[in-house]
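These notes are about the structure you will find just below.
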There are 4 protein chains.
Amino acid sequence: MSFNTFGKIFRFTTWGESHGPAIGCVIDGCPPNILLSERDIQSDMDRRRPGQSKFTTQRKESDKIHILSGVFNGRTTGTPISIIIYNEDKRSRDYESIKEKFRPGHADFTYFKKYGIRDFRGGGRQSARETASRVAAGAVARIILKNLIGSKFNVIGAVTQLGLMSCNKNNWDNKEIRKNPFFCPDKKSVKLWEKYLLAVRKAGSSCGAIIELRASGVPVGLGAPIYSKLDTDIAAALMSINAVKGVNIGAGMSAAYLSGEENSDEIRKLSGKIKFKSNNAGGILGGISTGQGIVASFAVKPTSSILNKRETIDKKGKNTSISVKGRHDPCVGIRAVPIGEAMLSCVLLDHYLMNRAQCG
Amino acid sequence: MSFNTFGKIFRFTTWGESHGPAIGCVIDGCPPNILLSERDIQSDMDRRRPGQSKFTTQRKESDKIHILSGVFNGRTTGTPISIIIYNEDKRSRDYESIKEKFRPGHADFTYFKKYGIRDFRGGGRQSARETASRVAAGAVARIILKNLIGSKFNVIGAVTQLGLMSCNKNNWDNKEIRKNPFFCPDKKSVKLWEKYLLAVRKAGSSCGAIIELRASGVPVGLGAPIYSKLDTDIAAALMSINAVKGVNIGAGMSAAYLSGEENSDEIRKLSGKIKFKSNNAGGILGGISTGQGIVASFAVKPTSSILNKRETIDKKGKNTSISVKGRHDPCVGIRAVPIGEAMLSCVLLDHYLMNRAQCG
Amino acid sequence: MSFNTFGKIFRFTTWGESHGPAIGCVIDGCPPNILLSERDIQSDMDRRRPGQSKFTTQRKESDKIHILSGVFNGRTTGTPISIIIYNEDKRSRDYESIKEKFRPGHADFTYFKKYGIRDFRGGGRQSARETASRVAAGAVARIILKNLIGSKFNVIGAVTQLGLMSCNKNNWDNKEIRKNPFFCPDKKSVKLWEKYLLAVRKAGSSCGAIIELRASGVPVGLGAPIYSKLDTDIAAALMSINAVKGVNIGAGMSAAYLSGEENSDEIRKLSGKIKFKSNNAGGILGGISTGQGIVASFAVKPTSSILNKRETIDKKGKNTSISVKGRHDPCVGIRAVPIGEAMLSCVLLDHYLMNRAQCG
Amino acid sequence: MSFNTFGKIFRFTTWGESHGPAIGCVIDGCPPNILLSERDIQSDMDRRRPGQSKFTTQRKESDKIHILSGVFNGRTTGTPISIIIYNEDKRSRDYESIKEKFRPGHADFTYFKKYGIRDFRGGGRQSARETASRVAAGAVARIILKNLIGSKFNVIGAVTQLGLMSCNKNNWDNKEIRKNPFFCPDKKSVKLWEKYLLAVRKAGSSCGAIIELRASGVPVGLGAPIYSKLDTDIAAALMSINAVKGVNIGAGMSAAYLSGEENSDEIRKLSGKIKFKSNNAGGILGGISTGQGIVASFAVKPTSSILNKRETIDKKGKNTSISVKGRHDPCVGIRAVPIGEAMLSCVLLDHYLMNRAQCG
């Protein structure tokens, strides 16, 4: 049982509140003797970091990570890696107004009802700030996987749907994703998305998003039926991210509309290599990786903190209304891309180690 | 770590292959002193059981459960409840033809690659027969929850999409669900669905489905952030079911298309009771239940065992093709309804106990 | 969290009561493709089985095990192995007299207070009958370890203290252990022990025992600091056995009386091999195996079911007394030998797999 | 699976090396709304802290703890409590001499063999410095237990054997324990122990110790058979402490020498209260607390870092010898007292919450 720990062999535990002195994580189960530096992790952190474009919150956080343990002479020692990130831009006064009211769409109400107490400053523990720790753990996982599997291993994510705006996935370009502020894989959509999101923000509103994750170089055989299936753990990993409401593996919900012939991926041996003719399975059959690319997607709901006035109740149960000012992303889904990549990396490393345990 | 165990406090471990002597489960963490009989569990079993209509496999299994431990004088003792279900209709000859070939869409290929050995008879461990054990565990969970929360607690599931056929959810009628062979909640759709599914079967094909689960009477406060969120565990529970490719909580994937105003559920106090004006959250905020109904849905891919010929390879890696005869459901999604209900019941009881542990 | 499950990767879950229809276990996390037959397991079962000499209970149980899953064509498949053992000699009438009274030294009182209900027949779940399942799991672990490490691996246990009677450990002879009914390693002590135990039984009394376990062929590097140390897990494994009150690793409690020079084992390289000059550490330093033999011992308290009258209370809290008739071992410690071996085997396999996961 | 995490519901994860920037722990599963301050924890820390008498290492560490999360307005919030302790007195040069050699009795050899890398500075992760984190977690557990059970709950430990010197347990005086530098419960022994330990230190040697722990006010019913028995978890908790080689519950190893009549504790109802006439069981029957005091003891081996020269090998496998200078406790067992108290407190709280989960 583990409220704040994720993973089975490669495990990370996160801690910290949005407006406390710091946040961080402890990463356990790391294979030893792998080169690891703060700089390696930092580059992933910088992709999630707020305040990088006009489309994300203007909270200023350098998100500088510090490794406090588990690395010696530049290498992992097999002991827990403790990472700390200090909170820098804590304007608690921003939140005094919402101290007594429950923001619709947020966990204010449920935390208060469950625990009888809540740190209301910036959402406290519910804040998406916690996801910075996940990105740090994911960076470690990715580095280890590259070390274990080789450089052919990669995980990349992109926003494929921004509110009502889709993109053409046939134009998917990994390099493009890192060039625009939306993690959009289709260069042709970027301008339109920019206009759309500016309009959303101007209207004091927000929009949702769909993120697609693709892992390549994943060996066949990862995944442990029945209750630690690879897709089960990916679903849990992605659904645990703040504001996520849906998860698809491969064809996902659309599989319901396909016929057996359309859906099941035929298998061929071509010039000595096993190839599936399609990948509706998203690289997973019976909970075990097929050796094809892993494909998963997830939906992030629109930011609940919006300027437009909403009805709610206060701590005493009195009806009232609220308009959430402050520094909020008009689409929190955008910054979910590196978080999704991180979670998928962690699941894959965990299953790599699990498979090594049972099957050698 | 637990390959074949589900849950944290209320835990069940399943075992058994499709064509072995029996299957079963061991249920641990049961509260003591609760009335429990084989008959109580059997009625849930009968809803999943094969061979009940022309739309499910004709394999004849009575799915009679036997309690071997953990119940004394008609009451749970707090010790593990072991349940066994004998396999009756094992026609292994049906599967000799597929012994050497990997069926597309099935886990034949991945099990063989992972373990280097597989029980090919009826899919062995990958078979959906395993889900009978889940239904038994879910029945126990439901009985305990009704005992702890009261009779206002209920979980009900229905097929809301059968391949290309939808139904009108506004006509949802709990009583209707138990009357037709499709677990369809809308009486008006039943006739059409029947025609549609007969056509699918006649074509030697299959179709997918979407199942919606609704839990009522769930108290506020269940769910343990950050990595044991209620929705995280529901997503894992449902994704672990055979052939499931997508999971939604509340608005689910559709949340991506909504604005912040449309999506976040406003809160009101009306005649002394807290009520949300909508339920896009599916009864869960920040991973914790809101006290509204829990709503989750999941997509089941079309049956992969179809008569129509498909390309594949054999154990030696040689290209070949396969046409799967035998006794298969044209839509495995239908029988997923009681399985989904069972898994949701288990998650809810588990979180009820977890919440009781931490918050008293 | 796992009330009735032991282990982390190689895990077994036991179920069943002394006088229910059967007991059994589900073994998970087994490496695949290893030869395993019921006969292999049965030979270990037979060493724990009651009714084999006049020094153990006369309950007649063949303890015949049946494998219900997880083995196909004589090999493990990597899926859970379910083992069932039917209870044959259930004379429930023997226990009617103790239905209302709590036997001193037994868990009658604590089970009743904790759960509010107890299966009093033969001790129900508290009965040492549960340990038959452990022996089955341990037999599987031992077979797998021999397969993974080689035939140099072995675990052997012996009774080194029978009540007030010691033996000379310098005369330790593995072959002798299997020849006498006491698992005594010193041939010279057998006759004396026989007289002693007959006297104990005749007096309507009972005695305790100390069991020493020795594992050879264990590779260096097993054990996962800080909280899954090899000795930590051995201590837990042995203390979980019924009636065990103390556990020692190597020098154990006696280490308190040694000086630093006497206790710490010096290290030498001799003809290319690393050798410790002594083994006070019991083969474990810092929770990790040193490559020397693992040595652990544990004390079993005297059988609490004795003929001599004892003071106690009944279910209603009224003072009363009890004399426990029935078929009881005068020294339950004797039959703890194969159980201790089984538990140590399970811990070693578990750590072998854990080490393989993290360190390759 | 959890290498660096202890506990099931109330869980703590420790991290950090002896000579890194800091050490710390993350405590999860805390009940919410309980008053908790850094000062409350600090007083326990101060009892373990080095440099307090001439009988402990002269390393200067203030062991000042900082709470980084999980507490808001002086109360626990139910979210993880992260505690950090900076390492202040890190004289790494002290350890350069042992960089290449394995100290006998230490984990230098096994860490190096397992991980292929080790942080040799001050023992790195193997250092007893890690136990400071345990004391912090234990302090939190104790505060919570007092809050849940009431002030009658207490855990106290004492050294009852210092090398060859025993004390008279009949003179046990809780107040005396806190007055002398040995945590000795018998005032009459203090002077003798002082002389003895000075002689041990002067001889460049070291000695072991036995610590006894007593918990009072523990309610009946804590403990979860079969594999989470209260005594099982206490054994694991104590054996996980550095240098511990043996653990006893109640009569412990001595139970082997008792007769059934001597050992099993008779039960009486006296003036409305249930009382056991003796407590050989150490307050635990069948793994469940009886409501009597919990009594456990453990042996700590003599400090392995001694001045006297010892034979060993170096990293390259060459025979050599070593004399360990530096600042070492002549008897590490003394400072194990607050660590043992901490671990026992954590186990008791964990079981309190577990029992609340299952039994309400």
Side-chain angles (χ1 to χ4, degrees), chain C residues 1 3-6 8 104-105 107 110 113-114 126 161 164 205-206 208-210 220-221 224 226-229 231-232 235-236 239-240 245-249 251-253 255-256 258-261 263-267 269 285-286 288 290 299 301-304 306 308 310-313 317 319, chain D residues 1 3-4 6 8 104-105 107 110 113-114 126 161 205-206 208-210 220-221 224 226-229 231-232 235-236 239-240 245-253 255-261 263-267 269 285-286 288 290 299 301-304 306 308 310-313 317 319:
Chain C
M1 214 171 113
F3 298 150
N4 292 280
T5 301
F6 184 84
K8 290 164 184 132
T110 52
K113 286 290 178 185
K114 181 181 183 74
Q126 343 150 14
Q161 181 82 29
L164 300 170
S205 184
S206 62
I210 294 177
V220 64
I226 302 293
Y227 297 105
S228 289
K229 284 176 175 165
D231 37 4
T232 299
M239 197 63 97
S240 77
K245 300 306 283 184
V247 177
N248 286 334
I249 304 294
M253 296 304 290
L258 302 176
S259 69
E261 291 85 346
N263 179 69
S264 77
D265 308 309
E266 292 181 299
I267 320 176
K269 183 120 175 200
L285 283 173
I288 303 171
T290 62
K301 71 181 187 187
T303 314
S304 296
I306 49 178
N308 295 330
R310 310 278 292 149
E311 294 194 327
T312 190
I313 58 171
N319 285 322
Chain D
M1 212 173 117
F3 298 150
N4 292 280
F6 185 83
K8 289 165 184 128
T110 51
K113 286 289 177 187
K114 181 181 182 73
Q126 342 150 14
Q161 181 81 28
S205 184
S206 62
I210 294 176
V220 66
I226 301 290
Y227 298 106
S228 290
K229 284 175 176 166
D231 36 4
T232 299
M239 196 64 97
S240 77
K245 300 305 284 182
V247 177
N248 287 333
I249 304 294
M253 296 303 292
Y257 306 92
L258 302 176
S259 70
E261 291 84 349
N263 178 70
S264 76
D265 308 310
E266 292 181 300
I267 320 176
K269 184 121 175 200
L285 283 173
I288 303 171
T290 62
K301 70 182 185 186
T303 313
S304 296
I306 49 177
N308 295 331
R310 308 281 291 150
E311 295 194 328
T312 190
I313 58 171
N319 285 323

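The analysis underlying the following values was restricted to heavy atoms, covering all of them including side chains, and did not include hydrogens, waters or symmetry mates. To find a chain, count down the sequence lines: A is the first, B the second, and so on, and within it residues start at 1.
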Response to the item:
Residue from Ala255(D), Pro302(D), Gly221(D) scoring the most non-hydrogen pairs under 4.5 Å with chain C is Pro302(D)
Worksheet item: chain D heavy atoms under 4.5 Å from Thr303(C): which part of the residue, side chain, backbone, both or neither?
Response: backbone
Fill in: Most contacts with chain C, counted as non-hydrogen pairs under 4.5 angstrom, among Gly252(D), Gly105(D), Ala235(D)
Gly252(D)
Discussion item. For Ile288(C) versus Lys114(D), what's the shortest heavy-atom pair and its separation?
Written reply: CD1-CD, 3.8 Å
Fill in: Between Gly208(C), Ala299(C), Ala256(C), Gly317(C), the one whose heavy-atom pairs under 4.5 Å with chain D are most numerous
Ala256(C)
Worksheet item: Under the 3.5 angstrom rule, does the side chain of Ser240(C) hit a backbone N or O of Thr232(D) as a donor-acceptor pair?
Response: no
Item to complete: Find out whether Ile226(C) and Phe3(D) are in side-chain contact, i.e. whether some heavy atom of one side chain is under 4.5 Å from a heavy atom of the other.
Response: no
Worksheet item: Is there a side-chain contact between Ser205(D) and Glu261(C), using heavy atoms and a 4.5 Å cut-off?
Response: yes
Discussion item. Please identify, among Lys8(D), Gln161(D), Lys269(D), the residue contributing the most non-hydrogen atom pairs under 4.5 Å to chain C.
Written reply: Lys269(D)
Worksheet entry | For chain D, the option from Thr312(C), Leu164(C), Asn319(C) that forms the most heavy-atom pairs under 4.5 Å | Asn319(C)
Discussion item. At a 4.5 Å cut-off on heavy atoms, which part of Ile306(D) comes close to chain C: side chain, backbone, both, or neither?
Written reply: side chain
Worksheet item: What part of Lys301(D) lies closer than 4.5 angstrom to a heavy atom of chain C: side chain, backbone, both or neither?
Response: both
Worksheet item: Would you find a donor on one side and an acceptor on the other, under 3.5 Å apart, between the side chain of Glu266(C) and the backbone of Glu311(D)?
Response: yes
Practice prompt. Let me know if Asp265(D) has heavy atoms under 4.5 Å from chain C in its side chain, its backbone, both or neither.
Written response: backbone
Fill in: Top contributor to chain D contacts, counting heavy-atom pairs under 4.5 Å, from Ser259(C), Ala107(C), Ala224(C)
Ser259(C)
Discussion item. With a 4.5 angstrom heavy-atom cut-off, is it the side chain or the backbone of Thr290(D) that approaches chain C, or both, or neither?
Written reply: both
Worksheet item: Between Ala251(D), Gly250(D), Ser228(D), which has the largest tally of heavy atom pairs under 4.5 Å with chain C?
Response: Ser228(D)
Fill in: N/O donor-acceptor pair under 3.5 Å between Ser264(C) side chain and Ser304(D) backbone
no
